Amino acid sequence: MEPALDTAHSAADTLILHLDGFEGPMDLLLNLARAQKVDLAKISILSLVDQYLAVIADARKYSLELTADWLLMAAWLTWLKSRLLLPAPSDELEDAEAVAAALTERLAELSAMRKLSAWLGRRPILGDDVFARGMPESHEEIDSSGVVIEPGVFIRAYLRAMRRGAKSTGYTPKPLNFWTLQAALHSMSQRAERQFSWTDLQDFLPESPFNETERRAAVASTFLAGLELAKSGAVQVRQQEAFGPILLRTTPDGSDPAP
Amino acid sequence: MTDVTILPTDDTLRLIEALVFASAEVVPMKDISALLPEGIHADVVVKVLKARYAGRGVEVVEVAGGVAFRTALDLAPRLRKLIAKPRRLTPVAMETLSIIAYHQPVTRAEIEHIRGASLSQQTLDQLLELELITPKGRRDTPGRPTIWGTTAGFLSYFGIKALDELPRRDDLLIDRG
Amino acid sequence: MTDVTILPTDDTLRLIEALVFASAEVVPMKDISALLPEGIHADVVVKVLKARYAGRGVEVVEVAGGVAFRTALDLAPRLRKLIAKPRRLTPVAMETLSIIAYHQPVTRAEIEHIRGASLSQQTLDQLLELELITPKGRRDTPGRPTIWGTTAGFLSYFGIKALDELPRRDDLLIDRG
């Protein structure tokens with residue numbers, strides 16, 4: 001910033017003060033207190049106040065712009081000074097003395113922190129005074145071959161699937177009476193073990209009561225079973241005319257029937 | 001190498017040692033040379049440093065473009081720290097796995113029927129890759145579809161010894177009686 | 001320390017040397033202990049390693065509750081030029097950090113009261129970025145202000161073993177001009 005403010009204070013030495021070089025009112029107060037060259041606990045608060053106010057007055061003379069905290073401190077110190085000097089009821093004087101003591105303590109605290117800061121500054125600072133390994137080697141290996149199966153998640157997934165499955169097929173309380181391909185294969189293979197000559201496909205249908213849909217499904221699965229066994233060489237299939245009856249027989253020389 | 005070998009001072013060795021240690025990259029020989037007093041050769045310094053660290057837990061190695069420190073090769077495996085970061089299954093994969101676990105052996109078509117949704121090859125592949133499921137042969141039906149079952153790996157991830165330790169289906173499907 | 005000091009074998013020394021050397025961070029004592037055979041104490045191993053590296057370009061230091069390799073302090077002026085990594089704190093940041101170190105956990109208002117000046121965002125950012133301070137929760141007072149404390153990184157940054165190594169309060173309060 002522009003005009004530096006020089007002020008001579010009451011002590012013999014001339015302290016050159018540059019207001020803009022201070023961090024704030026406390027910083028200035030601490031510097032003024034240090035200039036008294038005594039133990040901080042023994043500084044004269046009154047002369048400290050006078051010095052501070054002199055600096056502020058000077059700053060105003062040079063029409064330096066002061067931020068609120070500088071002026072606030074000045075006002076507060078003026079109040080403190082008046083309380084300490086003027087004859088007043090004893091309890092008010094005690095108040096003022098307590099406030100002065102608190103200010104001394106604050107200055108001592110700030111001073112202590114400055115010393116700690118200086119102590120830290122003398123430490124070997126990593127990355128400036130001492131250096132760590134520049135190319136660290138990691139011996140850590142991420143193993144992501146595993147998988148988490150939490151029983152709760154597993155169960156919920158199963159129930160979710162079952163619910164969806166039930167919804168999409170439509171839930172029917174009565175089991176479906178479909179003659180499945182597996183059943184047809186099973187039944188036909190069993191009969192093939194005992195050999196049979198040309199037999200109508202219809203004869204392989206089960207005897208259970210079927211409605212029309214179920215009967216046609218049974219015909220289809222029985223026919224598929226026949227084809228499957230024919231493929232494995234266990235039976236032969238014949239149809240003599242279009243839409244005529246489909247006939248099956250076991251393969252005469254009995255090439256090994258598939259199970 | 002040179003005809004006359006001038007050995008570096010301890011001070012020089014310390015500086016180069018610290019530089020190689022602290023450098024974030026391999027230190028090029030020419031950078032080392034630049035720091036050396038007249039008459040001292042970088043390769044001599046590196047040789048002395050290498051000898052000093054020979055047999056220690058860390059070694060000085062010459063790699064492409066310069067010099068670096070490296071953990072002694074025999075120690076690396078002992079320092080290796082496995083950090084398990086197990087993956088999570090997608091909801092679809094988890095559903096599929098649960099169906100296979102409860103209905104095994106089961107075909108893909110049956111899984112789709114139970115789930116009421118189609119099953120992508122990707123999901124099956126994921127479960128296979130993680131060795132959670134395995135083919136258990138083929139069903140003797142048209143098309144001879146592959147039937148699937150769970151593996152020992154599945155049991156171990158689930159934390160059970162045998163399949164009969166899975167939560168009972170009946171306990172899960174109360175509304176089915 | 002123990003009554004009977006069992007010295008580590010060279011193999012053990014190499015292993016720990018490699019472990020600590022590999023890391024740029026401070027290696028906690030417990031990580032060292034974990035690699036030691038029964039009966040060998042980590043502090044004995046560290047002592048032997050420290051002695052072995054004393055006077056070298058890199059040294060073993062005990063810091064932030066663990067051990068690390070660091071370049072020797074006397075090499076700083078020369079290394080600083082070679083390894084450009086300016087991370088020196090400003091005086092304001094140093095002062096703020098001192099207050100946090102001493103008064104932790106501490107609120108921003110308390111820091112500002114002690115310094116008699118407001119805390120700039122820039123200072124806070126610098127301390128946070130270097131991972132020297134961290135929020136330690138909130139104080140149960142009106143407004144529930146965040147409280148701040150120092151990190152393990154703070155100890156490591158200044159080469160301090162533990163917070164109790166900081167100068168004692170009485171020593172800081174003594175005024176000698």
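Keep in mind that the numbers below use all heavy atoms, side chains included, and drop hydrogens, waters and symmetry copies. So you know, we letter chains A, B, ... as the sequences are listed, proteins then strands, and number each from 1. Just so we're clear, the structure is a prediction, and the values are computed from it rather than from any experiment.
Here A:Ile125 contributes atom CD1 and C:Leu73 contributes atom CG; the two are 10.5 Å apart, rounded to the nearest 0.5 Å. Between A:Asp129 atom CG and C:Arg80 atom CZ the span is 5.0 Å, to the nearest 0.5 Å. Taking CE from A:Met113 and CD from C:Glu95, the interatomic distance works out to 9.5 Å, rounded to the nearest 0.5 Å.
Contacts between C:Leu166 and chain A at a heavy-atom distance below 4.5 Å involve backbone atoms as well as side-chain atoms. Residue contact with chain A, scored on non-hydrogen atoms closer than 4.5 Å, is absent for C:Thr96. For C:Phe158, the parts sitting under 4.5 Å from any heavy atom of chain A are the backbone and the side chain alike. Both the backbone and the side chain of C:His113 come within less than 4.5 Å of a heavy atom in chain A. Of the two parts of C:Val63, neither the backbone nor the side chain holds a non-hydrogen atom closer than 4.5 Å to a non-hydrogen atom of chain A.
Taking 4.5 Å as the limit, every side-chain heavy atom of C:Leu89 sits out of range of all side-chain heavy atoms of A:Leu120.
The most heavy-atom pairs under 4.5 Å with chain C, out of A:Glu137, A:Arg114, A:Arg123, come from A:Arg123. When A:Ser138, A:Pro124, A:Ala108 are compared by the number of non-hydrogen pairs under 4.5 Å with chain C, A:Pro124 comes out ahead.
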*Begin from the C-alpha positions of C:Asp171 and A:Lys115 and carry the test salt bridge (Lys or Arg N to Asp or Glu O under 4.0 Å) through to its verdict.*
CA-CA 9 Å; C:Asp171 295 337; A:Lys115 280 185 197 139; over 6 Å; no

*May I have the step-by-step check of salt bridge (Lys or Arg N to Asp or Glu O under 4.0 Å) for A:Glu109 and C:Arg115, ending in yes or no?*
CA-CA 9 Å; A:Glu109 186 62 48; C:Arg115 288 197 60 239; over 6 Å; no

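For the side-chain hydrogen bond (donor to acceptor under 3.5 Å, both in side chains) test, no residue two or more places apart in sequence or in another chain qualifies with C:Glu131.
Of the possible donor and acceptor atoms, none in the side chain of C:Arg70 sits under 3.5 Å from a partner among the backbone N and O of A:Phe131.
Across C:Gly116 and A:Arg106, no two heavy atoms sit closer than the pair CA-NH2, 4.0 Å.
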